[in-house]
Protein chains: 2
Amino acid sequence: MPAVKKDPLDQVFMALADGTRRQIVKRLAQGELPVSDIAKDFEMSLAAVSKHIKVLENAKMVSRRVEGRQHFLSLVPEQLADALDWISIYRNFWLKRMDALAAIVETNIENQED
Amino acid sequence: MPAVKKDPLDQVFMALADGTRRQIVKRLAQGELPVSDIAKDFEMSLAAVSKHIKVLENAKMVSRRVEGRQHFLSLVPEQLADALDWISIYRNFWLKRMDALAAIVETNIENQED
DNA sequence: CTATTGTTTAACCATTTAGTTAAATATAGA
DNA sequence: TCTATATTTAACTAAATGGTTAAACAATAG
């Protein structure tokens with residue numbers, strides 16, 4: 001167990017910082033799936049996939065429903081929404097920047113001779 | 001240097017998976033700042049802050065303008081926008097889920113006796 | 001030239017991450 | 001019960017992360 005509690009956003013962004021885990025999220029967005037179905041998509045061992053799933057669970061992005069020997073995973077939207085919210089705060093910032101850039105580009109095009 | 005090139009999204013999400021770096025992003029959203037100004041907000045050494053900045057630069061989220069001995073940092077919007085885009089793909093997914101949840105809650109409230 | 005300021009780089013260390021293989025656990029089927 | 005299936009856990013390893021202090025570098029000031 002971790003000595004100190006991590007910020008939930010730390011965990012969500014960390015979970016997303018890995019292509020394998022992003023692919024898992026992608027697949028789970030289509031609907032619930034058992035571990036083995038997810039593992040089929042990857043070349044690594046089942047144990048490795050199992051660990052990736054655990055990371056997503058710890059970040060509260062995925063939940064598990066055990067039915068017999070199969071563990072069905074599903075996406076939990078809340079934490080992802082929080083991550084989106086965090087980034088969204090900077091939307092205005094970059095929209096302004098991009099508009100400014102677009103304006104510069106357009107001005108230059110207008111002033112071109114051919 | 002890294003042996004293999006990392007997926008840019010890996011780097012952006014990894015950069016965001018640290019509270020210190022998120023605070024740096026927050027401050028830079030207000031405008032350009034020299035390294036020392038940023039470092040003032042944190043209890044860690046300047047060298048540590050310098051490393052965090054390097055992580056943000058490697059992720060192409062921050063750019064540097066050297067003027068004399070001061071290095072001014074600014075936010076670069078594109079990569080953050082890409083991260084937002086990635087998460088946004090799942091917006092419909094969770095909106096649907098949340099609506100469903102809201103509907104259930106409302107139904108239960110309607111059926112309550114007091 | 002020398003000292004001071006702003007910043008990075010180097011060397012080091014503890015912890016975490018991402019993978020491995022092998023063993024353990026739990027359920028289902030013959 | 002014995003065996004196969006679904007999955008986790010343990011033990012290990014290599015590499016990355018996040019911090020430290022000390023040294024190096026660059027630019028300005030006296």
Side-chain angles (χ1 to χ4, degrees), chain A residues 1-25 27-28 32-74, chain B residues 1-25 27-28 32-74:
Chain A
M1 304 113 206
V4 285
K5 264 198 189 173
K6 276 247 196 158
D7 184 325
L9 266 186
D10 282 17
Q11 294 192 207
V12 174
F13 282 127
M14 190 277 240
L16 291 176
D18 180 283
T20 299
R21 287 191 296 259
R22 285 198 304 276
Q23 270 192 253
I24 294 175
V25 168
R27 288 227 54 200
L28 290 179
E32 203 183 45
L33 281 177
V35 171
S36 48
D37 262 44
I38 291 168
K40 272 182 212 136
D41 295 354
F42 305 101
E43 297 210 320
M44 68 191 71
S45 68
L46 228 184
V49 173
S50 178
K51 279 190 184 181
H52 281 301
I53 291 168
K54 181 130 297 180
V55 171
L56 291 166
E57 275 189 286
N58 289 339
K60 310 260 201 296
M61 296 168 67
V62 154
S63 69
R64 180 187 304 252
R65 174 176 70 83
V66 178
E67 190 184 316
R69 50 190 165 179
Q70 288 186 98
H71 295 205
F72 288 89
L73 288 326
S74 14
Chain B
M1 305 114 204
V4 284
K5 266 200 189 173
K6 276 247 197 159
D7 184 324
L9 266 186
D10 282 17
Q11 294 193 208
V12 173
F13 282 126
M14 190 278 242
L16 291 176
D18 180 282
T20 300
R21 286 190 297 258
R22 285 197 304 275
Q23 269 192 252
I24 294 176
V25 168
R27 290 226 55 201
L28 290 180
E32 202 182 46
L33 282 176
V35 170
S36 48
D37 263 43
I38 292 169
K40 272 182 212 137
D41 296 352
F42 305 101
E43 297 210 320
M44 67 192 71
S45 67
L46 229 184
V49 174
S50 179
K51 278 189 185 184
H52 281 301
I53 290 167
K54 181 130 299 179
V55 170
L56 291 166
E57 276 188 287
N58 288 339
K60 310 260 202 297
M61 297 168 66
V62 155
S63 69
R64 179 188 303 252
R65 176 175 68 82
V66 179
E67 190 183 317
R69 49 189 166 180
Q70 287 186 97
H71 295 205
F72 289 89
L73 288 326
S74 14

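Scope of the values below: all heavy atoms of this structure, side chains included, with no hydrogens, waters or symmetry mates. Throughout, protein chains are lettered first and strands after them, A, B, ... in sequence-line order, and every chain is numbered starting at 1. Remember, predicted model here, so these are calculated numbers, not experimental data.
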Give a yes/no answer on whether the side chain of [X] brings an N or O atom under 4.0 Å of OP1 or OP2 in [N].
X: A/Arg64; N: D/dT7; value: no
X: A/Thr20; N: C/dA18; value: no
X: A/His71; N: D/dA6; value: no
X: A/Ser50; N: D/dT8; value: yes
X: A/Ser36; N: D/dT7; value: yes

>> Tell me every residue that passes side-chain contact (heavy atoms from CB on, under 4.5 Å) with A/Val55, counting only those two or more places apart in sequence or in another chain.
In response: A/Met14, A/Ala15, A/Arg21
>> As a test of reading the structure: which of C/dG6, D/dT8, C/dT20 is closest to the side chain of A/Met44, going by heavy atoms?
In response: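 Selected nucleotide: C/dT20.
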> Looking at the side chain of B/Lys51, which of D/dT7, C/dA18, D/dG18 is the nearest nucleotide?
Replying inline: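 Closest of the options to the side chain of B/Lys51: D/dG18.
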> Is A/Lys54 touching bases, backbone alone, or none of the nucleic acid, heavy atoms closer than 4.0 Å?
Replying inline: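 Since only primed, P, OP1 and OP2 atoms lie under 4.0 Å of A/Lys54, the category is sugar-phosphate.
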> Which nucleotides of nucleotides 21-30 of chain D have their base under 4.0 Å from a protein heavy atom (B), which only their sugar-phosphate (S), and which neither (-), written as one string 5' to 3'?
Replying inline: B-----BB--
Rounding to a whole Å, what distance do you find between [X]:[atom1] and [N]:[atom2]?
X: A/Glu43; N: C/dA18; atom1: CD; atom2: P; answer: 18 Å
X: A/His52; N: C/dT16; atom1: NE2; atom2: P; answer: 18 Å
X: A/Asp10; N: D/dT17; atom1: CG; atom2: P; answer: 15 Å
X: A/Ile53; N: C/dT17; atom1: CD1; atom2: P; answer: 17 Å
X: B/Gln70; N: C/dT5; atom1: CD; atom2: P; answer: 13 Å

